[in-house]
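Whatever order the structure lists them in is the order used to number ligands and atoms, beginning at 1.
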Amino acid sequence: MDTIVIGAGIGGIAVAGRLRRAGHNVTVVEKADHPGGRADFIQKDGYRFDTGPSLFLMPEVFAETYEALGERMQDHLELVRLDPTYRAHFHDGTRLDLTYQMPRMREQLDALEPGAFGQFLKFMAEGYSNYHLGLDKFVGRNFYSLAEYFDLRNLPLLLKMKALVTHASNTKRYFKDSRLQAAFSFQNMYLGLSPYEAPATFSLLQYTELGDGVWFPKGGMYRPIESMAQIAEGLGVRFEYGTAVRQINVEGSRASGVTLEDGKIMRADLVVANADLPYVYSDLLPDDGTAARLHRKKYTSSALMFYWGVKGAKAPELLHHNVFLADDEYRASFERIFEDLSLPQTPSFYVNAPARTDPSFAPENGDALMVLVPVGHINAAEPQDWAGLRERARSFVIERLEGIGVKDLGSRIVLEETMGPPDYLKKLNLAKGAAFGLSHNFTQIGYLRPHNRHPRYKNLYFAGASTHPGTGLPIVLLSAKLTAERIMQEVGQEKSVRSNLAQPVVLQHERHE
Ligand SMILES: Cc1cc2nc3c(=O)[nH]c(=O)nc-3n(C[C@H](O)[C@H](O)[C@H](O)COP(=O)(O)OP(=O)(O)OC[C@H]3O[C@@H](n4cnc5c(N)ncnc54)[C@H](O)[C@@H]3O)c2cc1C
């Protein structure tokens, strides 16, 4: 079976490898000159930056993908477990190091709010339950009908997982202190969501971080991309880089292949689109009204990204992962992003400083900082002044970092690269420049999320962040798995790609203070 995969993001690579193993003749066409999509890197003047994902979560899902491709994760990734996972800096100068060391957690949490440690344990227990129920019953499976999704057995589970309660209001039930409410809900920002809209089910994020761990693949977040692409290539997948698809060709109820930007036509028995799903409907397929419906859906935030090569000593105030929380204006800041589609007056933001774990990221007397400032996605009706917003975010972050002791940061930046919503739109074809794709509010998850097969063109499938189950590297790997499984079921290949989640692998532990 001749199969074309459009896009070599992590979802495209994984689905291509799985289908190749099942006997398909797979070609991946990717507009960029290398794989990765949002999970890219910059290497310049002795500095290295992961441009997108920086948090390696749910290692068992990565391990399962390597296994499905016939390899072992530990032969390709050297994973280091980070402890503390993050440092959260609050606006009043206090901070919280999230750590697996329970006595230290107790000491810190109870100092911020007496009794908070006990509440934290209950919160984690709920996150643990949400994680396992969510993965087994909702995230890790395909839904083929609404009745199946709202099955009588599933409804009580949706309620148990608090799918109809917001993450922010749920966090409030556990913690009175606004700093802790922020510290246990900001993780939604990593999925481009507002905790005031995201279902409380997402407390599973805090569980994964502290329960299963935050990991770092030595060499950086591009390691999984390049190793999976190499494995897929070794299996016989053909990657054609610098090859943009202009349209998906359709005949009746089938996709017959693609037309490339240069006019070349490639025929196929099956097409899998890894490019952002709303963009595929609006730009690559004939208009049937779906694109306009998708346009009206909720989208995740975008991000103003800064990649700074800094000369001089590495600031001890920063750990590998750092968040700066505007807890005095926490709620308002999300309204600015998700309602006004702009930049908050006092933005919360994230700083990634991986040279503390992997010295190859920066010269000996230097530091490599990646800064993510969440911002609204593109508003076509009232275009934003991105240069102005970027300048404001830049000054704010530098001032805030200098305020916690990162001395003379502004004058020590010797290399600067940036990315923002227009880049996500133009470079990566992400609808509205929304960095994380379609949002994950209750009406856009599970069966209610755009499906991984086109309703009319029965041999056109989707794998990636804007289809089921959603965004984030491990979740997109699950998307690739579910799409490959569905293809296997529907086109009836002789060889199955099904495989159970791999047994937990032995991972290397390291501690970072
Ligand atoms: C700033 C940022 C931080 C993030 N942080 C994390 C994190 O810490 N942890 C985490 O797990 N996840 C994180 N994510 C999310 C994660 O990066 C994404 O969910 C994931 O990479 C999406 O993969 P994908 O395969 O669905 O899509 P993509 O990576 O977008 O890949 C799609 C590919 O399709 C190609 N393409 C598009 N149009 C065409 C066309 N017409 N022809 C040919 N090719 C085309 C694109 O060039 C791209 O390579 C982050 C994302 C961003 C942007």
Side-chain angles (χ1 to χ4, degrees), residues 4-16 27-40 49-59 61-62 86 187 189-192 205 208-209 214-216 221-222 224-225 228-229 239-248 258-261 266 272-277 279-280 282-285 300-307 321 350 352 370-375 419-421 423-431 433-438 440 462-467 469-480 483:
I4 290 176
V5 176
I6 306 170
I10 194 163
I13 300 168
V15 83
T27 304
V28 179
V29 280
E30 164 59 54
K31 75 190 274 260
D33 61 6
H34 59 279
R38 275 168 266 193
D40 204 350
F49 309 92
D50 287 319
T51 55
S54 57
L55 285 154
F56 189 99
L57 300 173
M58 302 166 71
V61 176
F62 288 82
Y86 300 91
Q187 290 81 353
M189 277 176 4
Y190 293 124
L191 301 178
L205 283 171
T208 20
E209 288 173 1
V214 174
W215 300 83
F216 179 74
M221 297 296 288
Y222 199 67
I225 299 294
M228 284 182 191
F239 285 88
E240 295 197 8
Y241 295 115
T243 307
V245 169
R246 190 203 298 159
Q247 74 172 37
I248 297 173
V258 299
T259 301
L260 305 180
E261 277 301 349
M266 294 172 74
V272 185
N274 167 235
D276 197 32
L277 181 142
Y279 154 81
V280 174
S282 64
D283 286 52
L284 303 186
L285 285 169
T300 54
S301 63
S302 194
L304 293 169
M305 305 294 298
F306 299 92
Y307 309 97
H321 298 294
Y350 161 79
N352 177 238
M370 175 258 252
V371 179
L372 186 166
V373 187
V375 69
M419 244 183 119
D423 304 302
Y424 289 115
L425 177 72
K426 278 200 206 104
K427 255 182 91 174
L428 289 157
N429 288 339
L430 299 177
F436 307 85
L438 275 176
H440 294 78
F462 299 91
S466 288
T467 182
T471 198
L473 296 175
I475 307 301
V476 172
L477 287 176
L478 287 173
S479 160
T483 302

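Distances shorter than 4.0 angstrom occur between a heavy atom of T243 and an atom of ligand 1. Heavy atoms of G437 come nearer than 4.0 angstrom to ligand 1 in no pair at all. Under a 4.0 angstrom heavy-atom cut-off, A303 registers as lying outside contact with ligand 1. Using a 4.0 Å heavy-atom cutoff, L57 is absent from the residues neighbouring ligand 1. Every heavy atom of F56 sits 4.0 Å or more from the atoms of ligand 1. Heavy-atom separations between G36 and ligand 1 include at least one value shorter than 4.0 Å.
A 4.5 Å side-chain heavy-atom check between K31 and N429 finds at least one atom pair inside the cut-off. For the pair I475 and M58, the minimum side-chain heavy-atom distance is below 4.5 Å. Under the 4.5 Å side-chain criterion, counting only non-hydrogen atoms from C-beta, T483 is not in contact with F462. Contact check for L430 versus L425: no side-chain heavy atoms found under the 4.5 Å cut-off. You'll find the side chain of N274 stays beyond 4.5 Å of the side chain of V15, heavy atoms only. In this structure the side chain of M419 reaches within 4.5 angstrom of the side chain of L428, judged on heavy atoms.
Those atoms of ligand 1 that come under 4.0 Å of a heavy atom in G464, given as number and element, are 26 (O). The atoms of ligand 1 that sit less than 4.0 Å from any heavy atom of P474 are 11 (O). Heavy-atom contacts of G9 reach the following atoms of ligand 1: 25 (O), 29 (O), 31 (O), 33 (C), 49 (O) (cutoff under 4.0 Å). Counting the atoms of ligand 1 from 1 in the order shown, those under 4.0 Å from a heavy atom of V29 are 43 (C), 44 (N).
Applying the salt bridge (Lys or Arg N to Asp or Glu O under 4.0 Å) rule to E261 yields the partners R246; only residues at least two apart in sequence or on another chain are considered. Partners of D276 under the side-chain hydrogen bond (donor to acceptor under 3.5 Å, both in side chains) rule, at least two apart in sequence or in another chain, are S466.
Closest to atom 24 (P) of ligand 1, if we only count protein heavy atoms, is N274 ND2, 3.7 Å. Among all protein heavy atoms, the one lying closest to atom 27 (O) of ligand 1 is R38 NH2, 3.2 Å. Looking only at heavy atoms of the protein, atom 44 (N) of ligand 1 is closest to K31 N, 3.2 Å. What sits closest to atom 35 (C) of ligand 1 on the protein, heavy atoms only, is E30 OE1, 3.3 Å. Here the protein heavy atom with the shortest distance to atom 38 (N) of ligand 1 is N429 ND2, 2.9 Å. Scanning all protein heavy atoms for the shortest distance to atom 34 (O) of ligand 1 gives G7 CA, 3.3 Å. Closest protein heavy atom to atom 41 (N) of ligand 1: Y279 OH, 2.8 Å.
Considering backbone and side-chain atoms alike, T471 places an N or O below 3.5 Å from some N or O of ligand 1. The shortest N or O to N or O distance between T51 and ligand 1 is not below 3.5 Å. On a distance-only criterion, L473 and ligand 1 share at least one N/O pair closer than 3.5 Å. At a 3.5 angstrom cut-off on N or O pairs, L55 counts as close to ligand 1. Note: an N/O pair closer than 3.5 Å links G11 and ligand 1 by distance alone. For the pair V245 and ligand 1, the shortest N or O to N or O distance falls below 3.5 Å. Residue-to-ligand polar distances keep Y190 apart from ligand 1: every N/O pair is separated by 3.5 Å or more. Remark: ligand 1 and A39 share no N or O pair separated by less than 3.5 Å (distance only, no angle test). In terms of polar-atom proximity, Y424 is not counted as a contact of ligand 1, lacking any N or O under 3.5 Å from an N or O of the ligand.
If you look at M305 next to ligand 1, the close heavy atoms, those under 4.0 Å, all belong to the side chain. If you look at F436 next to ligand 1, the close heavy atoms, those under 4.0 Å, all belong to the side chain. At a heavy-atom distance under 4.0 Å, no atom of D283 approaches ligand 1.
For atom 26 (O) of ligand 1, the nearest non-hydrogen atom from the set A465, G470, S479 comes from A465. In this comparison of A275, P53, A435, the heavy atom closest to atom 6 (C) of ligand 1 sits on P53.
Minimum interatomic distance between Y307 and T51 (heavy atoms only, all atoms of both residues): OH-O, 2.6 Å. Nearest heavy-atom pair, A465 versus F436, reported as atom, atom and distance to 0.1 Å: CB-O, 4.1 Å. Contact record, V29 with M266: CG1-SD, 3.9 Å, taken as the closest heavy-atom pair. The two residues A39 and P53 make their nearest non-hydrogen contact at CA-CD, 3.5 Å. A pairwise comparison of heavy atoms in L284 and V245 identifies CD2-O, 3.6 Å as the closest pair. Across every non-hydrogen atom of G7 and V28, the tightest pair is O-CG1, 3.5 Å.
From L473, atom CG reaches atom CZ of R38 across 9.5 Å, with rounding to the nearest 0.5 Å. Note that CD1 of I4 and CD1 of I248 are 9.5 Å apart. Values are rounded to the nearest 0.5 Å. Taken to the nearest 0.5 Å, the CE atom of M228 stands 4.5 Å off from the CD1 atom of I10.
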Margin query: For a ring pair (Phe, Tyr, Trp, His ring centres under 6.0 Å) check, start with the C-alpha distance between Y190 and Y350, then their side-chain angles and the critical distance, and finish with the verdict.
Written below: CA-CA 9 Å; Y190 293 124; Y350 161 79; 5.4 Å; yes
